[in-house]
Amino acid sequence: MEKAIFRQKVLLEHLQPTSCFSHQLTHEESSSISPSICLAGDSAAYQRTAAFGDDVVIVGAYRTAICKSKRGGFKNTLADDLLAPVLKALIDKTNINPSEVGDIVVGTVVAPGSQRATECRMAAFYAGFPETVPIRTVNRQCSSGLQAVADVAACIKAGFYDIGIGAGLESMTTNSNVSIQQANPRVDSFPQARDCLLPMGITSENVAERYGVTRQEQDQAAVMSHKRAAAATASGKFKDEIIPVFTKIKDPQNGEEKPVTVSVDDGIRPSTNLTDLAKLKPAFKKDGTTTAGNASQISDGAGAVLLMKRSLAMEKGLPILGIFRSFSVAGVDPAVMGIGPAVAIPAAAKSAGLGVDDIDLFEINEAFASQYVYCCKKLELDMEKVNVNGGAMALGHPLGATGARCVATLLHEMKRRGRDCRFGVISMCIGSGMGAAGVFERGDSTDDLCNARPVSKVNLLSKDVK
């Protein structure tokens, strides 16, 4: 640490301005580390503050396998038994004192709020957290897991506590009803309010029709998702992020329970191909293009992310997996809710002092192939940087857990890629017409001399220089 501070001190002295006011500084002021913000201003450099130790960092991010609802490995597993293993993993793998955790926030969607809040509290006890550690749930539909992480990061930044957990949980086997049972008749007088009630599949069809996304493009995206997820599984990429769950499977014939360990995503179909997908009938509209093959799978799963101040992580000697840089939520037309990432991603990147072109890796939730294809085309993304290990069409989409799952998948992949991957984005569309996005930086990148990126024309050292 002392060497790093000395190195920064030397560099800052080299960069000390020679303007007319520099002679007014005392010797002590001129030799101390400057607290000013880097104002390079262009997207080639990431703005930093001197509050290095106040960065909110991720020191652990894990998930369960994602399993097919009602048919997969978790069909007989209760929601609290899904959450407990990933919470416990954060304790076991980081050796933190669980009593130091200031709060646990769990993103969850389809279960009744009070029921799920109680189940999450029970799961925390199963995992070994004492009664002094509080817990709450948050619901921003498909972004709930990411929202939980963002909420914890914001609370740490605000000084409410120094350590927190953002998690996500969904058992769509147990809770599958996501529609409003009785709508207010007033919605008929407010078209956009009425569109909030559209089935998600219909919004997918609206995106495809309005923005010209073809059936073939959607099926091609689904094939790519399955192929990449299958390759990632075969190569063992997911082993770093998946926590095995010891549970049971009940035989539907005789009711006999059999103990099992679930550690592999069971929705991936390696043999998925365009010929077979083309045979599937539209699922939501007679002449539509959205099918069971090019939409996300209904799934069960959980994930958890441990966040803390950088200074505390360094004090504890914990490896830093990632740095939370920014978060943004944007509203869009509910009738085409799937376009949300196309709006949220640029906003989150701008908030982090970056451009979309500065992002090295993307995890964009594949709620439907139509919206996924549109968002990638709208942002002109390099598909070699997007969902490199597959997405929700192959892995599944346990609504409240997806955001936390994506954090684990993104940060572990960024760690594997090292210096070639500095910034990553997680994004998803949100029912009723929103999009959310978060920007993360690779955890060990802060000392890299890699701020500079190629630019076509350079007239000045930076945009500040006159």
Side-chain angles (χ1 to χ4, degrees), residues 37-49 51-52 54-59 61 143 145-146 149-150 153-154 157 166 237 240-241 305 307 310 313 319-330 340-365 375-376 378-389 391 403-428 435-455 462-463:
I37 298 175
C38 170
L39 294 176
D42 57 353
S43 63
Y46 185 71
Q47 296 181 4
R48 293 197 174 282
T49 70
F52 179 76
D54 289 336
D55 279 344
V56 178
V57 301
I58 294 96
V59 299
S143 72
L146 181 59
V149 173
K157 203 72 175 175
K237 283 188 175 182
D240 291 338
E241 64 192 69
V305 181
L307 302 97
R310 181 196 292 276
I320 296 173
L321 187 62
I323 307 156
F324 185 93
R325 286 303 181 196
S326 72
F327 176 71
S328 181
V329 182
V343 181
I345 290 174
K350 182 178 180 181
S351 179
L354 302 167
V356 175
D357 290 344
D358 293 312
I359 306 303
D360 302 298
L361 205 62
F362 296 84
E363 282 287 331
I364 301 178
N365 187 44
C375 290
C376 292
K378 176 66 176 179
L379 297 176
E380 299 181 346
L381 301 183
D382 179 354
M383 296 309 294
E384 294 303 312
K385 296 180 178 181
V386 187
N387 293 5
V388 296
N389 295 318
R405 191 281 297 173
C406 286
V407 173
T409 301
L410 177 77
L411 293 183
H412 282 96
E413 181 62 27
M414 290 174 71
K415 180 181 178 181
R416 279 189 293 271
R417 294 188 173 213
R419 290 175 179 269
D420 292 332
C421 188
R422 182 171 187 181
F423 295 107
V425 158
I426 292 167
S427 186
M428 61 281 293
V439 176
F440 297 80
E441 185 176 5
R442 199 184 78 248
D444 61 350
S445 67
T446 53
D447 284 334
D448 289 353
L449 296 176
C450 62
N451 278 356
R453 293 173 183 267
V455 293
S462 81
K463 291 181 180 178

*With no hydrogens and no angle check, is any side-chain donor or acceptor of Arg442 less than 3.5 Å from a backbone partner on Gly418?*
yes
*Could you tell me whether the side chain of Ile426 reaches within less than 4.5 Å of the side chain of Met428, counting heavy atoms only?*
yes
*For Val388 and Lys385, which heavy atoms make the closest approach, and how far apart are they?*
CG1-C, 4.0 Å
*side-chain contact (heavy atoms from CB on, under 4.5 Å) with Lys350: which residues, sequence neighbours excluded?*
none
*Please name all residues satisfying salt bridge (Lys or Arg N to Asp or Glu O under 4.0 Å) with Asp240, sequence neighbours left out, ordered by chain then number.*
Arg416
*Identify, with sequence neighbours excluded, every residue that meets salt bridge (Lys or Arg N to Asp or Glu O under 4.0 Å) alongside Glu384.*
Arg228
*Assess whether side-chain contact (heavy atoms from CB on, under 4.5 Å) is satisfied between Phe327 and Leu146, documenting all intermediate values.*
CA-CA 9 Å; Phe327 176 71; Leu146 181 59; 3.8 Å; yes
*List for me each residue that meets side-chain contact (heavy atoms from CB on, under 4.5 Å) alongside Ala153, sequence neighbours excluded, and say none if there are none.*
Val56, Leu307, Phe324
*Please identify each residue that fulfils side-chain contact (heavy atoms from CB on, under 4.5 Å) with Val386, with sequence neighbours left out.*
Phe362, Ile364, Tyr372, Cys376, Leu381, Met383
*Chi angles and distances behind the side-chain contact (heavy atoms from CB on, under 4.5 Å) call for Ile323, Arg310*: CA-CA 9 Å; Ile323 307 156; Arg310 181 196 292 276; 3.3 Å; yes
*Taking all atoms of both residues into account, what is the closest heavy-atom pair of Ala437 and Ala348, and its distance?*
O-CB, 3.7 Å
_Euclidean distance, Ser427 OG relative to Ile359 CD1, rounded to 0.5 Å_ = 11.0 Å
*Has the side chain of Asp360 got a donor or acceptor atom that lies under 3.5 Å from a matching backbone atom of Gly424?*
no
*Got a second to check how far Asp420's CG is from Leu361's CG, nearest 0.5 Å?*
11.5 Å
*Search all heavy atoms of Ala404 against all heavy atoms of Val305 and return the closest pair with its distance.*
O-CG2, 4.3 Å
_Non-hydrogen atoms of Ala313 and Ile320 that approach each other most closely_ = CB-CG1, 4.3 Å
*CG/Leu411 to CZ/Phe440 distance, rounded to the nearest 0.5 angstrom?*
6.0 Å
*What are the two closest non-hydrogen atoms of Met414 and Glu441, and how far apart are they?*
CE-C, 4.0 Å
*Give, for atom CG of Asn389 and atom CD of Glu413, the distance between the pair rounded to the nearest 0.5 Å.*
4.5 Å
*Mind listing the closest non-hydrogen atom pair of His412 and Ala61 along with its distance?*
CE1-O, 2.9 Å
*Who passes side-chain contact (heavy atoms from CB on, under 4.5 Å) against Lys378, sequence neighbours left out?*
Ala342, Tyr374
